[in-house]
Amino acid sequence: MSDRTTISSATEVDLMQIVALHRLLDFAISQSLEGNLDDHILEGVVILTRMVGRKVGLVADRVLGGDAFSRDDCNPCCE
């Protein structure tokens, strides 16, 4: 018997968004390290860092609060 954790669809989407935001952040930082630095890239880094932090906080609250563990047939609008 394996211990397998099931997460809600909404939490799964949030995790995928965190991965995508992290990749964008990685790209923006690599561009700045290559010397392609301007105000727009720095603004993007700040915005992406804040967005990743908010999403991680949201997912952590759901997981630690137990809201992440639900059936997939649950209505995500009720969250």
Side-chain angles (χ1 to χ4, degrees):
M1 182 189 279
S2 68
D3 281 338
R4 189 164 202 150
T5 302
T6 304
I7 61 172
S8 70
S9 296
T11 301
E12 186 177 356
V13 168
D14 285 336
L15 288 171
M16 289 187 290
Q17 288 175 349
I18 290 170
V19 171
L21 290 168
H22 181 265
R23 288 182 180 159
L24 286 170
L25 182 59
D26 181 56
F27 175 75
I29 291 172
S30 67
Q31 288 296 304
S32 66
L33 291 174
E34 289 177 9
N36 300 328
L37 187 61
D38 67 6
D39 290 343
H40 296 294
I41 291 177
L42 289 177
E43 277 182 48
V45 167
V46 170
I47 291 168
L48 288 168
T49 300
R50 289 178 181 164
M51 291 175 73
V52 169
R54 287 184 189 130
K55 280 287 182 183
V56 168
L58 175 70
V59 171
D61 285 346
R62 280 188 187 160
V63 170
L64 296 175
D67 293 341
F69 306 101
S70 65
R71 298 187 323 239
D72 278 339
D73 61 344
C74 201
N75 187 353
C77 296
C78 298
E79 296 180 331

Side-chain heavy atoms nearer than 4.5 Å, only ILVMFWY residues, links allowed to pass through others: does that put [X] and [Y] together?
X: L25; Y: I47; value: yes
X: L33; Y: V46; value: no
X: M16; Y: V63; value: no

Straight-line distance of T11 OG1 to L58 CG, nearest 0.5 Å:
7.5 Å

Taking every non-hydrogen atom, the tightest pair across I41 and S32
CG2-CB, 4.2 Å

Under the rule for side-chain contact (heavy atoms from CB on, under 4.5 Å), what residues qualify as partners of V56, not counting sequence neighbours?
I18, V52

Not counting sequence neighbours, which residues clear side-chain contact (heavy atoms from CB on, under 4.5 Å) with L42? List them please.
L37

Pairs where residues 37-60 contributes a residue and the test side-chain hydrogen bond (donor to acceptor under 3.5 Å, both in side chains) is met, not counting sequence neighbours:
D14-K55, Q17-K55

